[in-house]
Amino acid sequence: MMRATLDEKRRELLLSPEAPPTFTSPVQTPPRQRSLRALERSNRSHLMVVSPGCLEHWERLHKALPGPILQSILPLLNIYYLERIEETALKKGLSTQAIWRRLWDELMKTRPSSLESVTCWRAKFMEAFFSHVLRGTIDVSSDRRLCDQRFSPLLHSSRHVRQLTICNMLQGATELVAEPNRRVLETLASSLHTLKFRHLLFSDVAAQQSLRQLLHQLIHHGAVNQVSLYSWPVPESALFILILTMSAGFWQPGPGGPPCRLCGEASRGRAPSRDEGSLLLGSRRPRRDAAERCAAALMASRRKSEAKQTARAVPPTRVTRRSTQENLTAGGTDPKRELHPPATSHEAPGTKRPPSAPATTSSASASSSTSSSKRAPASSAPQPKPLKRFKRAAGKKGTRTHQGSGAESEDLYDFVFIVAGEKEDGEEMEIGEVACGALDGSDPSCLGLPALEASQRFRSISTLELFTVPLSTEAALTLCHLLSSWVSLESLTLSYNGLGSNIFRLLDSLRALSAQAGCRLRALHLSDLFSPLPILELTRAIVRALPLLRVLSIRVDHPSQRDNPAVPGNAGPPSHIIGDEEIPENCLEQLEMGFPRGAQPAPLLCSVLKASGSLQQLSLDSTTFASPQDFGLVLQTLKEYNLALKRLSFHDMNLADCQSEVLFLLQNLTLQEITFSFCRLFEKRPAQFLPEMVAAMKGNSTLKGLRLPGNRLGNAGLLALADVFSEDSSSSLCQLDISSNCIKPDGLLEFAKRLERWGRGAFGHLRLFQNWLDQDAVTAREAIRRLRATCHVVSDSWDSSQAFADYVSTM
């Protein structure tokens with residue numbers, strides 16, 4: 001009876017909220033042994049969720065537990081205690097990966113992608129758990145492994161978040177910037193590296209204000225290095241420009257928004273800094289291109305809208321075109337436009353200019369404007385056809401049905417469609433229209449706006465990705481303006497953005513960025529449905545603009561005859577973009593090109609290759625040449641000028657008539673990996689070509705990898721390739737990809753037997769995806785079993801009937 005009473009007291013001591021008191025018993029036992037015995041004898045269900053009040057006691061206890069006992073306890077803990085005990089378990093040689101994987105399968109109920117290699121299931125689970133809790137898509141009270149009043153789900157999992165996705169109407173942004181989640185946001189600022197936006201919809205001003213604060217904390221004061229936008233069919237101009245400007249390092253507190261606590265601490269004792277508009281428009285560039293002028297007018301419109309929202313004083317003033325243009329040309333200022341002068345050099349970034357600060361223009365700006373107007377009058381500039389202006393509905397001056405009552409979003413939307421509207425009596429128009437009229441060709445200095453000064457920026461991201469985000473002219477101009485001085489940007493991806501003729505402005509901005517001191521852009525990925533320039537001309541222009549580029553991936557799906565390549569106001573593309581001069585030596589190490597249908601001029605491709613002496617990897621997709629001689633010319637250029645080339649890939653090319661060129665390539669002793677993917681290699685003369693190909697490979701001692709997916713190799717071709725591993729071969733091939741080659745189980749079994757007979761030992765990896773191995777499952781298993789003694793086999797279960805249908809369709 002006394003023994004049972006002691007066991008009950010020990011169990012209570014282990015799980016009690018207070019520190020365990022000392023008591024005496026007839027048999028004096030050390031406290032540590034009493035706790036261990038109580039833990040062993042206690043019911044397993046009591047350990048499923050540890051009592052919230054015994055955290056301190058638990059922290060002391062689990063470090064003293066022996067490994068076998070700790071291993072039996074791990075599966076019974078909730079996620080919070082399991083995460084805290086991870087370090088102790090590792091020190092005792094225990095792994096929790098299997099437990100976290102089971103939690104993922106039972107709670108998340110999704111299967112990771114087969115292409116994803118999960119190195120830490122704890123981090124993956126915690127990151128997904130954070131996102132679900134933030135969006136409200138998981139109920140933590142529904143499972144006792146997730147519910148613990150001692151811990152905050154967001155705070156506890158935030159330190160494992162490396163990638164955060166914001167979807168739809170900016171769900172989660174408001175919650176993260178709320179005061180109760182301040183510690184969560186501070187933790188994210190140090191742990192988060194990638195911020196993604198998917199399927200964004202229209203948002204109200206309050207959500208945008210929350211997003212502004214969130215980006216400021218995560219980018220300007222945090223560790224976010226990458227911002228990616230995915231699938232935004234109808235981008236909201238105000239929101240898109242906000243994300244771009246914040247990613248580039250510009251910060252302006254929204255009207256009525258709380259001041260940044262971190263900025264206040266950083267700038268204590270320092271002079272106030274210029275606002276976002278002044279930062280974006282800087283002070284040291286005397287001349288502006290179209291992109292810069294567009295961004296200038298955009299920021300002017302934003303500052304005016306913020307002033308209207310805070311003051312709510314008078315409706316917009318309407319002035320005549322003639323009087324306003326004369327006033328601006330003379331170097332004067334319009335008292336109705338809230339344009340701030342450029343800040344002095346002692347001003348620090350991150351603080352806001354008081355709204356009541358007078359809007360004046362420096363004497364330097366005035367003199368520059370005057371002199372510029374004398375050199376190039378506004379009337380002498382070509383004026384393109386104005387776009388149609390969207391007017392406001394009567395009585396809805398301060399609201400929009402899909403955005404709420406935000407004046408900022410309203411004016412930004414107005415700016416998108418204001419381009420020198422229809423002429424009225426007296427040629428009247430609003431101030432914003434004057435600015436946009438100046439963008440179309442008049443002297444940019446007449447705006448009186450300072451230019452960009454990159455040294456005053458906050459911290460900015462290094463990787464920007466835009467996937468399937470159509471860019472309007474205004475959005476493209478703003479992006480180009482930001483890119484021209486975005487020196488911290490290291491990687492840029494623009495995928496299916498409908499640039500059209502805006503590609504010329506993009507090239508101009510990239511050229512300006514390359515001229516900046518400290519430019520870090522080394523990777524550019526560009527793909528689109530159409531291009532106003534042929535892809536090889538576009539590649540030459542990019543290489544000229546960015547000679548320090550290391551990685552270039554460019555793809556155009558369709559040739560465009562309908563897209564007018566002319567820049568507005570000009571007769572054709574700028575001569576500096578499509579010039580015939582030689583390409584200077586560049587630093588390209590990786591070049592990937594996807595071509596539209598149609599024969600490509602080999603000399604243009606050769607000119608790019610000749611200038612890329614450091615090229616190590618080349619990939620050509622869907623490339624068509626006029627003749628096999630043109631393909632041979634490209635290969636000869638690679639052999640003579642690209643001595644550092646290690647990897648060469650061809651995809652979806654008809655090389656049936658280029659067998660001599662393929663043999664020439666296989667005899668190249670500098671290449672380490674060659675890929676012929678769906679190239680129809682063995683369509684003609686397979687009986688003669690296969691032995692010649694095998695002989696070339698047997699004499700090549702530098703080739704390490706050969707990938708031949710989708711070439712209809714068949715059983716006969718596979719057995720011929722087996723001779724590459726014979727005893728008289730000097731080949732060092734260690735990776736072979738024969739996926740999608742109509743290989744049957746009996747042919748694979750014979751291939752395995754030949755490898756065993758020659759005793760070459762393990763040669764690396766063998767890929768067998770999408771072959772006809774399901775026709776005889778027993779033989780296929782035996783063949784794979786034999787092959788695994790020689791190499792690492794990667795295969796799959798695939799329905800060969802589908803493969804047969806594909807084969808017949810291409811006959």
Side chain [X], main chain [Y], donor-acceptor under 3.5 Å:
X    : Y    : value
D630 : P628 : no
N497 : P470 : no
D528 : G500 : no
N225 : S462 : no
N642 : L609 : yes

Any heavy-atom pair between the side chains of [Y] and [X] that's under 4.5 Å?
X    : Y    : answer
P547 : E585 : no
I461 : S488 : no
T702 : T670 : no
Y230 : T468 : no

If we count only N and O atoms by modelled type, under 3.5 Å, do the side chains of H651 and S677 hold a donor and an acceptor together?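 Their side chains do contain a donor-acceptor pair, which is all the 3.5 Å distance test asks for.
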Say whether S619 and E592, considering side chains only, have a donor N or O and an acceptor N or O under 3.5 Å apart.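 Result is no, nothing qualifies.
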Identify whether the distance between the nearest side-chain nitrogen and carboxylate oxygen of [X] and [Y] falls below 4.0 Å.
X    : Y    : answer
R707 : E673 : yes
R511 : D508 : yes
D652 : R597 : yes

Roughly how far apart are [X] [atom1] and [Y] [atom2], rounded to 0.5 Å?
X    : Y    : atom1 : atom2 : answer
N700 : Q667 : CG    : CD    : 8.5 Å
F650 : L618 : CZ    : CG    : 6.5 Å
L229 : S247 : CG    : OG    : 7.5 Å
I241 : M246 : CD1   : CE    : 14.0 Å
H199 : W232 : NE2   : CH2   : 13.0 Å
Q616 : Q590 : CD    : CD    : 9.5 Å

For residues 598-619, which residue pairs qualify under salt bridge (Lys or Arg N to Asp or Glu O under 4.0 Å), counting only residues two or more places apart or in two chains?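 Pairs touching residues 598-619 that pass the test: none.
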Can you tell me if NZ on K646 sees more than 12 non-hydrogen neighbours from other groups inside 6.0 Å?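 Yes, because the 6.0 Å sphere around NZ of K646 holds more than 12 heavy atoms from other groups.
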Can you name the nearest heavy-atom pair linking L548 to R522, along with the distance?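 Shortest heavy-atom contact: O-CD, 3.3 Å.
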With sequence neighbours left out, write down each residue that passes salt bridge (Lys or Arg N to Asp or Glu O under 4.0 Å) with D737, or none if nothing qualifies.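 Applying salt bridge (Lys or Arg N to Asp or Glu O under 4.0 Å) to D737 gives R767.
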For the residue pair F458 and H216, categorise the inter-ring angle as parallel (less than 30°), tilted (30 to 60°) or perpendicular (more than 60°).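 F458 and H216: perpendicular rings.
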